[in-house]
Amino acid sequence: MEKPPRLLLSRLWLQNRVYDVTLNSVVFAWKEAEPNKKRAPGSNWNTGKAAGSHGVPVCEILAVQETAEDSHKKNVGKWHRVPKRPEESYQPPAFTVFYAERTRQHRWRCSSVTFHCPDWGLCQQWVHTIEEQLSLLTSRPKRLLVYINPFGGKQQGKRIYEQKVAPIFSRASISTDVIVTERANHARDHLSTDADLKNYDGVVCVGGDGMFSEIVHGLISRTQSDSGVDQNCPEETLVPCDIRIGIIPAGSTDCICYATVGANDPVTSALHIIVGDSQPIDICSVHHNNTFLRYSVSLLGYGFYGDLLTDSEKKRWMGPTRYDFSGVKTFLSHHCYEGTVSFLPATDSVGSPRDKFKCRSGCHFCQHSGHLPFENQQICEEEEEEEEEEEEEDSVSESGRKDVWRVIRGKFLAINAVSMSCACPRSPKGLSPAAHLSDGTTDLILIHKCSRLDFLRHLLRHTNKNDQFDHPFVEVHRVRRFRFTAKHQEVDSELDLRETGKGLFGQICRDHPACGCAAGHSTWSCDGETLPHTAIQASVHRQLIKLFARGIEDQPVFEDSTGVCSA
């Protein structure tokens, strides 16, 4: 691959050394030219990079400015030391380049380097040329609509934005309109009806996963309304949202930010927004009959996670620790629920939930996975016996049909559908490590009835590197759509109820009191919100929204000091 033509090449001073500084349309680089050259007279300027060869992709330069007169402006009205020699008062013209620098654990930080020039003409030429290259980066936002949740997480959203994010936006010349939400669904309602989205290049939410869910619901609802799409129809093809969403993490877990950026760091997320990254992600729509319920971005869970959320909502006064308490309580209750799961396998997708290929920046699987139309789909019933289920699976795979539904009946401790890995600091691999952000599928994880010890072994797999699905009571399928219907058992009388007892989240099975099966039903947890219905239908909509992110990076995008930006 040919290197882009050089725009500028100059010999400039950095600290007390001379560097050859080059600029082309892809990279801004500097390399030490005279290692033994002493400091120029009066060159007691701020420090920058250490000696050697360095480079920054132009796409990750935040801003550039002249800096020679800064010291004089800051010291107006103050006493000054009289220089002993005339050359001590000399400040050569200089310019500073601000850029995003990678650190450990996928974190970015705002760094800078200052070069001193022999004359003002050359200094201004460098500043104007770099600004011209930045103006050609059309993917960068210029005006943002920011929503701040002051109540989420540890109630630090406003402080995080004002102290860590706003100064970086200002440095990059990004204008913002800030709205501090005053109630639940404030951001969703404003985006759905009042916000003039044509005036903005993106929407930023400062908060946790719940705040992000509000933004997603508001934007998708607004887009479908403007396009005349009926959200209550499960068969509708939704229109993708044009405007991108940025996430400044300020919640309890910040799962979505962690899974798309690789770190829950406000500065890192702000820098991804500034450089104009774009990462499409899938959205799962949830319906009950012909009624729209919610959109799911990360986790749609029934059984264990639904019970956990239901119990934790009663203990909000405990703060984030309520999840630990409710988790232990739900685990000890050990309720399983009987029902029927039917799903449409993603037979034409690339990859599977059990492979070792994780979703990363520029993911091949997300770019090449096909999309299966919903029309003319047939349901293939499976029998409860294991032998008949295996025969049915073989017939489907041998026929190669892509429109055949599978049906599984049984007793489940948990039913989870994850559209991304759901990784977080507590679970670095997530619920499904190989789940992809934008391949048009969700990983359906079925946890069949098992002992408490076995279930504990499965839960512990979320925190280590072992295969999470390597248990006989766990099965996982990559699907495009699925349905669930719970089996309800009625209690004849109050006497029967007293005799059989009552569980934590449902009535204990009166026919088999020792089996731990709940006669009632659990609750669906949809990205931290409970759903009012048990029987649902979920459909995955590929790349419905876009984030200011690029996915988690495995390799640096910059090869060498004169290389090419691979982003």
Asker: Determine the interplanar angle of the His448 and Phe412 rings, folded into 0 to 90°, and report it as parallel if under 30°, tilted if 30 to 60°, perpendicular if over 60°.
Answerer: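 Ring orientation of His448 relative to Phe412: tilted.
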Asker: Tell me which pairs pass salt bridge (charged side-chain N to carboxylate O under 4.0 Å, His left out) where either residue lies in residues 207-229, with sequence neighbours left out.
Answerer: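 Found Arg222-Asp226.
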Asker: Side-chain contact test, heavy atoms from C-beta onward, threshold under 4.5 Å: evaluate it for Val479 versus Leu344 and give yes or no.
Answerer: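 They are not in side-chain contact.
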Asker: Checking Leu413 against Phe304 for the side-chain contact (heavy atoms from CB on, under 4.5 Å) test, could you report, in this order, the C-alpha distance in whole Å, the side-chain angles of both residues, the deciding distance, and whether it holds?
Answerer: CA-CA 6 Å; Leu413 280 169; Phe304 179 78; 5.8 Å; no
Asker: Would you say that Ile273 contacts Ile248 through its side chain, given a criterion of any heavy-atom pair below 4.5 Å between the two side chains?
Answerer: yes
Asker: Donor-acceptor pair, distance only, cut-off 3.5 Å: does the side chain of Gln537 make one with the backbone of Arg483?
Answerer: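 No, because the side chain of Gln537 does not come within donor-acceptor range (under 3.5 Å) of the backbone of Arg483.
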Asker: Salt-bridge test for Arg354 and Glu475: reply yes if a basic N is under 4.0 Å from a carboxylate O, no otherwise.
Answerer: no
Asker: Checking His436 against Phe365 for the ring pair (Phe, Tyr, Trp, His ring centres under 6.0 Å) test, could you report, in this order, the C-alpha distance in whole Å, the side-chain angles of both residues, the deciding distance, and whether it holds?
Answerer: CA-CA 8 Å; His436 290 270; Phe365 298 93; 4.9 Å; yes
Asker: Using the side-chain hydrogen bond (donor to acceptor under 3.5 Å, both in side chains) criterion, which residues pair with His190? Sequence neighbours excluded.
Answerer: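 His190 satisfies side-chain hydrogen bond (donor to acceptor under 3.5 Å, both in side chains) with Tyr147 only.
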Asker: How long is the straight-line distance from CD1 of Ile220 back to CD1 of Ile215, given to the nearest 0.5 Å?
Answerer: 11.5 Å
Asker: Please list all pairs meeting ring pair (Phe, Tyr, Trp, His ring centres under 6.0 Å) that have one or both residues in residues 274-301, counting only residues at least two apart or in different chains.
Answerer: His217-Tyr295, His287-Phe292, His288-His533, Phe292-Tyr295
Asker: Quick one: do the Ser213 and Asp527 side chains pair a donor with an acceptor below 3.5 Å?
Answerer: no
Asker: With a 4.5 Å heavy-atom cut-off, do Ile415 and Ile447 have their side chains touching?
Answerer: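 No - every pair of side-chain heavy atoms lies 4.5 Å or more apart.
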Asker: Is there a side-chain contact (heavy atoms from CB on, under 4.5 Å) between Ser221 and Gln231 once you walk through the steps?
Answerer: CA-CA 8 Å; Ser221 298; Gln231 296 182 88; 3.5 Å; yes
Asker: Side chains of Ile283 and Val297: closer than 4.5 Å at any heavy-atom pair?
Answerer: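 Answer yes - side chains close enough.
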Asker: Could you go through the ring pair (Phe, Tyr, Trp, His ring centres under 6.0 Å) check for Phe343 and His477 one step at a time?
Answerer: CA-CA 9 Å; Phe343 57 89; His477 306 274; 4.6 Å; yes
Asker: Partners of Phe484 by ring-ring contact (aromatic ring centres under 6.0 Å, His included), sequence neighbours excluded?
Answerer: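 ring-ring contact (aromatic ring centres under 6.0 Å, His included) list for Phe484, sorted by chain: Tyr302, Trp524.
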Asker: Just list the side-chain donor-acceptor pairs under 3.5 Å for residues 165-175, sequence neighbours left out, or say none.
Answerer:
unit_1	atom_1	unit_2	atom_2	d
Arg171	NH1	Gln65	OE1	3.3
Ser175	OG	Lys142	O	3.2

Asker: Evaluate whether atom NZ of Lys546 has more than 12 neighbouring non-hydrogen atoms of other residues, nucleotides or ligands under 6.0 angstrom away.
Answerer: no
Asker: Report the residues that fulfil salt bridge (Lys or Arg N to Asp or Glu O under 4.0 Å) with Arg104, sequence neighbours left out, ordered by chain and then residue number.
Answerer: none
Asker: Looking at every heavy atom in both Cys366 and Ser438, which two are closest together, and how far apart are they?
Answerer: CB-OG, 3.1 Å
Asker: With side-chain contact (heavy atoms from CB on, under 4.5 Å) as the criterion, how do Leu197 and Leu219 come out once you've worked through the C-alpha distance, each side chain's angles and the decisive distance to 0.1 Å?
Answerer: CA-CA 9 Å; Leu197 299 179; Leu219 278 181; 3.7 Å; yes
Asker: Among all residues two or more places apart in sequence or in another chain, which pass the ring-ring contact (aromatic ring centres under 6.0 Å, His included) test with Phe212?
Answerer: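 For Phe212, no residue satisfies ring-ring contact (aromatic ring centres under 6.0 Å, His included) once neighbours in sequence are set aside.
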Asker: Rounded at 0.5 Å granularity, tell me how far CE in Met420 sits from OG in Ser296.
Answerer: 8.5 Å
Asker: Measure the shortest side-chain to side-chain distance between Asn232 and Asn290 over non-hydrogen atoms and say whether it is less than 4.5 angstrom.
Answerer: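 No, side chains not in contact.
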Asker: Determine whether Thr523 and Leu531 make a side-chain contact, defined as any pair of heavy atoms from C-beta on separated by less than 4.5 Å.
Answerer: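 Side chain of Thr523 against side chain of Leu531, heavy atoms only: no contact under 4.5 Å found.
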Asker: Got a second to check how far Glu132's CD is from Ser25's OG, nearest 0.5 Å?
Answerer: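 It is 11.0 Å, given to the nearest 0.5 Å.
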Asker: Please report the shortest heavy-atom distance between His541 and Ser285, naming the atom on each side.
Answerer: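 Distance-wise, the nearest heavy atoms are NE2-OG, 2.8 Å.
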Asker: Sorted by first residue and then second, give each salt bridge (charged side-chain N to carboxylate O under 4.0 Å, His left out) pair with at least one member in residues 276-291; sequence neighbours left out.
Answerer: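 Listed once each, the pairs are Asp277-Arg550.
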Asker: Atom CG in Asn199, atom CZ in Arg143: separation rounded to 0.5 Å?
Answerer: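 These two atoms lie 5.5 Å from each other.
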Asker: Are Asp201 and Arg244 close enough for a salt bridge, meaning some N to O gap below 4.0 Å?
Answerer: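 Between Arg244 and Asp201 there is no salt bridge, as every charged N stays at least 4.0 Å from the carboxylate O atoms.
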Asker: Check step by step if side-chain hydrogen bond (donor to acceptor under 3.5 Å, both in side chains) holds for His462 and Gln468.
Answerer: CA-CA 7 Å; His462 299 332; Gln468 302 189 31; 2.6 Å; yes
Asker: Show your working on side-chain contact (heavy atoms from CB on, under 4.5 Å) between Ile179 and Val146 and close with a plain yes or no.
Answerer: CA-CA 6 Å; Ile179 297 177; Val146 181; over 6 Å; no
Asker: Testing the basics here: between Asn466 and Lys429, what is the closest heavy-atom pair and its distance to 0.1 Å?
Answerer: O-NZ, 3.3 Å
Asker: Is it true that the NZ or CZ of Arg481 lies under 6.0 Å from the centre of Trp405's six-membered ring and within 45 degrees of the ring axis?
Answerer: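 Here Arg481 fails the 6.0 Å and 45° test against Trp405.
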Asker: Is there a side-chain contact between Glu60 and Val27 in this structure, where contact means two heavy atoms from C-beta onward sitting under 4.5 Å apart?
Answerer: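 No; the side chains remain at least 4.5 Å from each other.
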Asker: Name all residues meeting the ring-ring contact (aromatic ring centres under 6.0 Å, His included) criterion together with Phe482; count only those two or more places apart in sequence or in a different chain, and write none if there are none.
Answerer: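 Here no residue qualifies.
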Asker: Keeping Gln224 on the side-chain end and Leu238 on the backbone end, is there a donor-acceptor pair under 3.5 Å?
Answerer: no
Asker: Do Val341 and Leu446 come within less than 4.5 Å of each other through their side chains, counting heavy atoms only?
Answerer: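 They are in side-chain contact.
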Asker: My understanding is that only residues two or more places apart in sequence, or in another chain, count here; which of them pass ring-ring contact (aromatic ring centres under 6.0 Å, His included) with Phe151?
Answerer: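 So Phe151 forms no ring-ring contact (aromatic ring centres under 6.0 Å, His included) with any residue.
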Asker: Could you give the distance from SG (Cys205) to CG (Asn149), rounded to the nearest 0.5 Å?
Answerer: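 The CG atom of Asn149 is 9.5 Å from SG of Cys205, to the nearest 0.5 Å.
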Asker: For residues 259-268, which side-chain N or O atoms pair as donor and acceptor with protein atoms under 3.5 Å away, sequence neighbours left out?
Answerer:
unit_1	atom_1	unit_2	atom_2	d
Thr260	OG1	Ile256	O	2.8
Thr260	OG1	Cys257	O	3.4
Asn264	OD1	Tyr258	N	3.3
Asn264	ND2	Thr253	O	3.1
Asp265	OD1	Arg107	NH1	3.2
Asp265	OD2	Thr268	N	3.0
Asp265	OD2	Thr268	OG1	2.6
Thr268	OG1	Trp108	N	2.9
Thr268	OG1	Trp108	O	3.3

Asker: List the residues meeting salt bridge (Lys or Arg N to Asp or Glu O under 4.0 Å) with Asp355, not counting sequence neighbours, and say none if there are none.
Answerer: none
Asker: Does Asp242, at its CG atom, have more than 12 non-hydrogen atoms belonging to other residues, nucleotides or ligands within less than 6.0 Å?
Answerer: no
Asker: So, taking the atom named CD1 in Ile536 and the one named SG in Cys526, what distance separates them when rounded to the nearest 0.5 Å?
Answerer: 8.0 Å
Asker: Between Thr441 and Asp439, is any side-chain donor less than 3.5 angstrom from a side-chain acceptor?
Answerer: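 Result is yes, a qualifying pair exists.
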